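This is a predicted model, so every value here is computed, not measured.
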Amino acid sequence: MHPPEIIEIAALTEGDRVIGNNGKVPWRIPADMERFKQLTKGHTVIMGRHTWEQDLERCPLPGRHNIVVSTSLADDLAATQCPSNGYQLSIAQSVTEALEQAGDREKVFIVGGSVLYEAALPFTDTLELTIVESSHAGDTVFPPYEHLIGTEFERVACEKYDGYRFETYRRTHPPKS
């Protein structure tokens, strides 16, 4: 049994790394939303309580095993208006517990927010980033990662589009366990 590939997936502004404002993504890039869906479908997604409550409005992502990291949520936490279309949902007390719950899945995606991204960075194998090339007001930022490029991570792919780009970084040696 191999450990899963741990992937942080995020859209952030270039320079100041904004990922959210008042619990929501401050831009709309349909291609980014499609890429997120395509990459994460059929895999485990791990999110923090704020992402769960504010961004997803307590509706699990369909076709995925959703794990919410929280020390304050109860087990019955999906909103009643959510369609019940092929998802699993569980709660973990920490990133480590969430990764244990993911078990031997092929891929595990860290989907936010800021605190969870930072806590998972030492375990992360891959960064799947959408770099938004315009500035946006925000109150939530992706943790600093630029200092790790060239030492801990290397860029292995970059697709440029009008106003944004998709960048993939892979860890150059095994992450901390």
>> Working to the nearest 0.5 angstrom, can you tell me the gap between Thr96 OG1 and Gln101 CD?
In response: 11.5 Å
> Do Val132 and Leu12 touch side chain to side chain, with heavy atoms closer than 4.5 Å?
Replying inline: no
>> For the residue pair Arg35 and Phe166, would you count it as a cation-pi contact if the rule is NZ or CZ under 6.0 angstrom from the ring centre and within 45 degrees of the ring axis?
In response: yes
> Under 3.5 Å, is there a donor-acceptor pair between the side chain of Arg105 and the main chain of Gly103?
Replying inline: no
>> Please evaluate residues Met47 and Leu56 with respect to the criterion side chain to side chain contact (heavy atoms under 4.5 Å, CB included), reporting the C-alpha separation (whole Å), side-chain torsions for both, the decisive distance (0.1 Å), and the verdict.
In response: CA-CA 10 Å; Met47 68 201 76; Leu56 294 181; 3.3 Å; yes
> If Ile, Leu, Val, Met, Phe, Trp and Tyr residues are connected whenever their side-chain heavy atoms lie under 4.5 Å apart, and connections chain through other members, are Trp52 and Phe36 in the same group?
Replying inline: yes
> Under the side chain to side chain contact (heavy atoms under 4.5 Å, CB included) criterion, do Val69 and Ile46 qualify, and how do the steps go?
Replying inline: CA-CA 7 Å; Val69 176; Ile46 299 175; 3.6 Å; yes
> For Ala119 and Pro122, which heavy atoms make the closest approach, and how far apart are they?
Replying inline: O-CD, 3.4 Å
> So, do Ile67 and Ile91 sit near enough that their side-chain heavy atoms are less than 4.5 Å apart?
Replying inline: no
> Are any non-hydrogen side-chain atoms of Pro4 and Thr44 less than 4.5 angstrom apart?
Replying inline: no
> In terms of the angle between their ring planes, are Tyr145 and Phe142 parallel, tilted or perpendicular, with boundaries placed at 30° and 60°?
Replying inline: perpendicular
>> Which residue in the set Arg171, Arg170, Glu8, Glu152 passes side-chain hydrogen bond (donor to acceptor under 3.5 Å, both in side chains) when paired with Thr124?
In response: Glu8
> Which distance, rounded to the nearest 0.5 Å, do you find between the CD1 of Ile131 and the CZ of Arg165?
Replying inline: 5.5 Å
>> Is any side-chain heavy atom of Tyr169 closer than 4.5 Å to one of Ile149?
In response: yes
> Do NZ/NE/NH1/NH2 and the carboxylate oxygens of Lys24 and Glu57 come within less than 4.0 Å?
Replying inline: yes
>> To the closest 0.5 Å, what do you measure between OG (Ser72) and CD (Gln93)?
In response: 9.0 Å
> Any side-chain donor-acceptor pair under 3.5 Å between Thr172 and Glu154?
Replying inline: no
>> So, using ring pair (Phe, Tyr, Trp, His ring centres under 6.0 Å) as the criterion, who are the partners of His43 when residues are at least two apart?
In response: Phe109
>> Within a 6.0 Å radius of atom NZ on Lys160, are there more than 12 heavy atoms belonging to other residues, nucleotides or ligands?
In response: no
>> Is any side-chain heavy atom of Ile6 closer than 4.5 Å to one of Thr126?
In response: no
> Can you tell me how far OG1 of Thr140 sits from CD1 of Ile19, rounded to the nearest 0.5 angstrom?
Replying inline: 6.0 Å
> What heavy-atom pair brings Tyr87 and Asn66 nearest, and what distance separates the two atoms?
Replying inline: CB-ND2, 3.9 Å
> Do the side chains of Ser134 and Tyr164 get nearer than 4.5 Å, heavy atoms only?
Replying inline: no
>> If I take atom CG from residue Leu116 and atom CZ from residue Arg49, how far apart are they, to the nearest 0.5 angstrom?
In response: 12.5 Å
> How close do Gly138 and Asn21 get, heavy atom to heavy atom, and via which atoms?
Replying inline: CA-OD1, 3.6 Å
>> Can you tell me how far apart CG (Leu127) and CG (Leu121) are? Round to the nearest 0.5 Å.
In response: 6.5 Å
> So, the side chain of Tyr117 versus the backbone of Val111: is there a donor-acceptor pair under 3.5 Å, distance only?
Replying inline: yes
> Which heavy atom in Asp32 sits nearest to a heavy atom in Ala11, and how many Å separate them?
Replying inline: OD2-CB, 3.6 Å
>> Tell me the closest heavy-atom pair linking Ser114 and Pro143, and the distance in Å.
In response: O-CD, 4.3 Å
>> Does Glu118, at its CD atom, have more than 12 non-hydrogen atoms belonging to other residues, nucleotides or ligands within less than 6.0 Å?
In response: no
> Val68 and Leu89: side chain to side chain contact (heavy atoms under 4.5 Å, CB included), yes or no, with the steps?
Replying inline: CA-CA 8 Å; Val68 180; Leu89 178 61; 4.1 Å; yes
>> Taking the side chain as everything from C-beta on, heavy atoms only, tell me whether Leu129 gets closer than 4.5 Å to Thr168.
In response: no
>> Evaluate Glu5 against Val108 for side chain to side chain contact (heavy atoms under 4.5 Å, CB included), listing each step before the verdict.
In response: CA-CA 6 Å; Glu5 178 183 6; Val108 174; over 6 Å; no
>> What I want to check is whether the side chains of His65 and Ser90 have a donor and an acceptor closer together than 3.5 Å.
In response: yes
> With the 4.5 Å side-chain cut-off for hydrophobic clustering, are Tyr161 and Trp27 part of the same group?
Replying inline: yes
>> Restricting to non-hydrogen atoms, name the atom on Val141 and the atom on Asp16 that form the minimum distance, rounded to 0.1 Å.
In response: CG1-O, 3.5 Å
> Is the shortest heavy-atom distance from the side chain of Ile110 to the side chain of Ile9 under 4.5 Å?
Replying inline: no
